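As the structure is a computational prediction, the values presented were derived from the model and not from experiment. Just so it is clear, the values below take in all heavy atoms, side chains as well, and ignore hydrogens, waters and symmetry mates.
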Amino acid sequence: MNKAPAPQPALARPLDFSFSSNRIAAAGMVGAVLLGRAVRGDWWQALGVGGAAFSAWAIARELDPDCAQTANAALPVAAAAALIGGPGNPLAAFAALSGLRLIAGTTGEDATPVDHQGLLVQSALAAATGNRSAALLASAAPLLTPGSHSWLPALGVLMPRLWRDHAAAGLTTVPAALLGLGAVALTPAFTAPEPVSSPCDRAPRTVKAQEVQRARQAAVVSLVLGLGGGGVRGLVPLAAAVVTVGLRRVRQGAVKP
């Protein structure tokens, strides 16, 4: 008897270096780390700068699958904000990335039990480190995705706060806050309907435009909650991605006067 192939995880999307945009992302991350070491004077913070830059690129690829240029632009924007204000909590960016990847459906796979467990862990870690808005994004993703419905990740939001980013005070939050406000201001253009033609990674179909639009709407809600509830430095990659995608849509006249 032939066994059905095991379902593939919906969250796994490794870099494919046959694409120039992926090579740019890897090179940009390394460059951001080296620049972070030179500017911040600390390897730990340098890794945070590189992580923020790469996360912004990866999030933009989920929010704008047809246009790699927006992701390439988001990378230096996030790196600059992290260099000026210091890198935020990377757990928030990872939770946001996973949530948006599932909502946008770019892999073409429904979430597996392992994916749900991963979202639970990411949501709990984001909540424990004070990034409740990112935790909500990761935990709500299966509830916004009909083929991946599960309440399990929502339990992560119940995790109490166990760590506080004491560096996120005063002027260190200004670059992140300004970037977040700029991203929210672009909401009309950013969330306007747009056709999508990119193929899914592991399904014989294109990415669904309505799912990408839903992911963009979820990204804006997460940013608004982050700006209002603190932890905004951890959302710099998300804000950078929204800004670059939003500006592209403004230039293309997504919202007519």
Side-chain angles (χ1 to χ4, degrees), residues 7-13 19 21 55-71 73-74 93 95-112 115-116 118-119 122-123 133-154 183-226 235 237-256:
Q8 297 296 308
L11 298 182
R13 201 181 184 196
F19 293 99
S21 62
S55 296
W57 178 88
I59 290 172
R61 293 301 291 129
E62 305 301 328
L63 296 175
D64 200 6
D66 280 358
C67 186
Q69 288 76 17
T70 51
L97 171 60
S98 293
L100 293 172
R101 178 168 293 166
L102 184 60
I103 298 170
T106 49
T107 64
E109 299 279 355
D110 292 334
T112 65
D115 289 320
H116 291 145
L119 287 169
Q122 289 182 309
S123 176
S133 61
L136 283 168
L137 183 52
S139 63
L143 304 178
L144 298 173
T145 311
S148 304
H149 194 84
S150 174
W151 284 95
L152 178 64
V184 171
L186 291 167
T187 295
F190 176 67
T191 58
E194 181 180 31
V196 178
S197 60
S198 293
C200 293
D201 286 357
R202 295 189 293 275
R205 62 172 177 84
T206 57
V207 178
K208 296 179 180 178
Q210 65 269 29
E211 292 182 351
V212 172
Q213 184 184 21
R214 189 180 302 127
R216 291 176 179 179
Q217 293 165 344
V220 172
V221 171
S222 184
L223 281 174
V224 171
L225 292 175
L235 294 178
L238 177 59
V242 172
V243 163
T244 56
V245 178
L247 288 176
R248 175 188 67 77
R249 302 225 58 207
V250 168
R251 290 197 301 271
Q252 293 179 346
V255 177
K256 304 296 183 183

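Between the side chain of Arg101 and the backbone N or O of Ala104 there is no donor-acceptor pair closer than 3.5 Å. Checked by atom type and distance alone, the side chain of Ser139 never pairs as donor or acceptor with a backbone atom of Ala154 at under 3.5 Å. With hydrogens and angles disregarded, a donor-acceptor distance shorter than 3.5 Å links the side chain of Asp66 to the backbone of Ser197.
Among all heavy-atom pairs drawn from Pro237 and Ala93, the shortest one is CG-CB, 3.8 Å. Among all heavy-atom pairs drawn from Pro65 and Val196, the shortest one is CG-CG1, 3.9 Å. For Cys67 against Arg248, the heavy-atom pair with the smallest separation is SG-CD, 3.6 Å. Across every non-hydrogen atom of Ala138 and Pro153, the tightest pair is O-CB, 4.3 Å. Heavy-atom minimum distance, Phe190 versus Ala219: CE2-CB, 4.4 Å. A pairwise comparison of heavy atoms in Ala141 and Thr145 identifies O-OG1, 2.8 Å as the closest pair.
Atoms CG and CG, on Leu137 and Leu119 in that order, are 9.5 Å from each other to the nearest 0.5 Å. Going from atom CG of Leu97 over to atom CG of Leu11 covers 8.5 Å, rounded to the nearest 0.5 Å. Going from atom CD of Gln217 over to atom OG1 of Thr187 covers 10.0 Å, rounded to the nearest 0.5 Å. To the nearest 0.5 angstrom, Gln69 atom CD is 9.0 Å from Asp64 atom CG. For the atom pair CG of Leu102 and CG of Asp110, the computed distance is 8.5 Å after rounding to the nearest 0.5 Å.
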Test log, rule side-chain contact (heavy atoms from CB on, under 4.5 Å), inputs Val212 and Glu194: CA-CA 9 Å; Val212 172; Glu194 181 180 31; over 6 Å; no
Verdict with reasoning, Ser148 to His116, per side-chain contact (heavy atoms from CB on, under 4.5 Å): CA-CA 9 Å; Ser148 304; His116 291 145; 4.3 Å; yes
Check against side-chain contact (heavy atoms from CB on, under 4.5 Å), Thr107 and Gln8: CA-CA 9 Å; Thr107 64; Gln8 297 296 308; over 6 Å; no
Ile103 vs Glu211, side-chain contact (heavy atoms from CB on, under 4.5 Å): CA-CA, chis, key distance, verdict: CA-CA 6 Å; Ile103 298 170; Glu211 292 182 351; 5.7 Å; no
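Every residue two or more places apart in sequence or in another chain that forms a side chain to side chain contact (heavy atoms under 4.5 Å, CB included) with Val224 is listed here: Val184, Val220.
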Side-chain donor-acceptor pairs under 3.5 Å in residues 238-247, sequence neighbours left out?
| residue | atom | partner | partner atom | Å |
| --- | --- | --- | --- | --- |
| Thr244 | OG1 | Thr70 | O | 3.2 |
| Thr244 | OG1 | Ala240 | O | 3.2 |
| Thr244 | OG1 | Ala241 | O | 3.1 |

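Tested against Thr106, the residues Arg13, Lys208, Arg202 include a single side-chain contact (heavy atoms from CB on, under 4.5 Å) partner, Arg13.
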